[in-house]
Amino acid sequence: MTIAVYPGAFDPFTNGHLDIAARAAGLFEKVIIAVYDRPDKNLLFTTDERVNLARQSVAGIPNIEVQSYSGLTVNFARRIGAKTLVRGLRIGADFEGEFEMALMNKKLAPDCELVCLMASLEYQFISSSLLKEVAWLGGRIDELVPEPVAIALKERLLASRKTV
Ligand code: ADP
């Protein structure tokens with residue numbers, strides 16, 4: 001079976017992530033969305049929350065699974081028998097970082113290939129960080145994220161406002 005890993009922070013999962021995952025699911029027999037489990041105080045959602053939101057967002061696509069992982073992405077890929085990593089590329093924002101990471105991963109795991117899918121035009125401007133900022137400032141983010149994410153974001157921001 002051809003398995004691909006789509007790794008990321010997914011804090012939270014957006015329609016841009018969904019687009020990449022769904023397109024990868026058309027290319028590989030199985031796609032594992034791999035959510036980084038690392039302590040980072042800048043993340044809005046916990047690892048379990050990020051996993052659950054991604055899981056709810058891809059519930060309609062049978063060959064996509066969501067798991068969390070820690071440590072090197074290439075080691076996680078090796079553990080689950082995946083030889084391909086998938087990443088999304090937006091204009092300008094992503095290329096250099098992805099290229100650098102790909103070269104390092106190639107050094108660490110020469111048998112692992114990277115497949116980059118170009119972000120679709122309508123999702124080029126969506127990033128998790130920008131939409132958190134827009135949501136925080138009261139902007140409408142409903143069309144930019146899957147419904148469970150929109151609900152979770154609103155609840156989280158409401159809760160954090162109460163503690164400010
Ligand atoms: P990371 O910290 O690994 O970049 P992200 O959750 O920000 O984690 O992104 C995970 C992957 O999804 C990356 O390959 C990123 O380039 C890609 N991505 C993020 N937003 C979009 C988008 N709007 N369209 C397509 N790909 C995206």
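Count residues from 1 along the sequence. We count ligands from 1, going down the list as the structure has it; atoms in each ligand are counted the same way.
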Indicate whether any N or O donor in one side chain lies under 3.5 Å from an N or O acceptor in the other, for S70 and D37. no

Looking at D94, which atoms of ligand 1 are within less than 4.0 Å of one of its heavy atoms? 16 (O)

Start with the C-alpha distance between L131 and T14, add both sets of side-chain angles, then the distance that settles side-chain contact (heavy atoms from CB on, under 4.5 Å), and finish with yes or no. CA-CA 9 Å; L131 79 86; T14 69; 3.3 Å; yes

With the 4.5 Å side-chain cut-off for hydrophobic clustering, are L85 and V31 part of the same group? no

Which one holds for I126 and ligand 1: side chain close, backbone close, both close, or neither close, with close meaning a heavy atom under 4.0 Å? both

Look at atom 19 (C) of ligand 1 and say which protein heavy atom is nearest, naming residue and atom and giving the distance to 0.1 Å. H17 NE2, 3.4 Å

Shortest heavy-atom approach to atom 16 (O) of ligand 1 - which of S128, G16, G88: G88

Below a 4.0 angstrom heavy-atom separation, can you tell me which part of Q124, side chain or backbone, both or neither, approaches ligand 1? neither

Short N or O distance, A9 and ligand 1, threshold 3.5 Å exclusive: yes

Side chain or backbone, does G8 bring an N or O within less than 3.5 Å of an N or O on ligand 1? no

Quick test of your reading of the structure: of P12, S120, C116, A119, whose heavy atom lies closest to atom 25 (C) of ligand 1? A119

Looking only at protein heavy atoms, which one is nearest to atom 13 (C) of ligand 1, and how far off is it? R87 CZ, 3.5 Å

Does K106 reach the main-chain N or O of C112 with its side chain, forming a donor-acceptor pair under 3.5 Å? yes

Of the protein's non-hydrogen atoms, which lies at the shortest distance from atom 6 (O) of ligand 1, and what is that distance? F10 N, 2.9 Å

Return yes or no for this condition: an N or O of Y123 is under 3.5 Å from an N or O of ligand 1. yes

So, is S127 polar-close to ligand 1, with some N/O to N/O distance under 3.5 Å? no

In terms of ring plane angle, is the pair F10 and Y6 parallel, tilted or perpendicular, where the classes change at 30° and 60°? perpendicular

Partners meeting side-chain hydrogen bond (donor to acceptor under 3.5 Å, both in side chains) with E122 (sequence neighbours left out): none

Is D11 in polar range of ligand 1, meaning some N or O pair under 3.5 Å apart? no

Side chain of S128, backbone of P12: donor and acceptor closer than 3.5 Å? yes

Atom 27 (C) of ligand 1: nearest protein contact (heavy atom, Å): R90 NE, 4.1 Å

Test applied, side-chain contact (heavy atoms from CB on, under 4.5 Å); reference residue, N52; option that passes from Q56, E49, R50: Q56

Any N or O on T14 sitting closer than 3.5 Å to an N or O of ligand 1? no

Distance-only, no hydrogens or angles: does the R90 side chain make a donor-acceptor pair with backbone N or O of A119 under 3.5 Å? no

I'd like to know if D48 and R55 make a salt bridge, using a cut-off of under 4.0 Å between side-chain N and carboxylate O. no

Which one holds for Y6 and ligand 1: side chain close, backbone close, both close, or neither close, with close meaning a heavy atom under 4.0 Å? side chain

Report, as yes or no, whether the 6.0 Å neighbourhood of atom CD on E147 holds more than 12 heavy atoms from other residues, nucleotides or ligands. no

Could you list which atoms of ligand 1 come closer than 4.0 Å to a heavy atom of Y36? 1 (P), 2 (O), 3 (O)

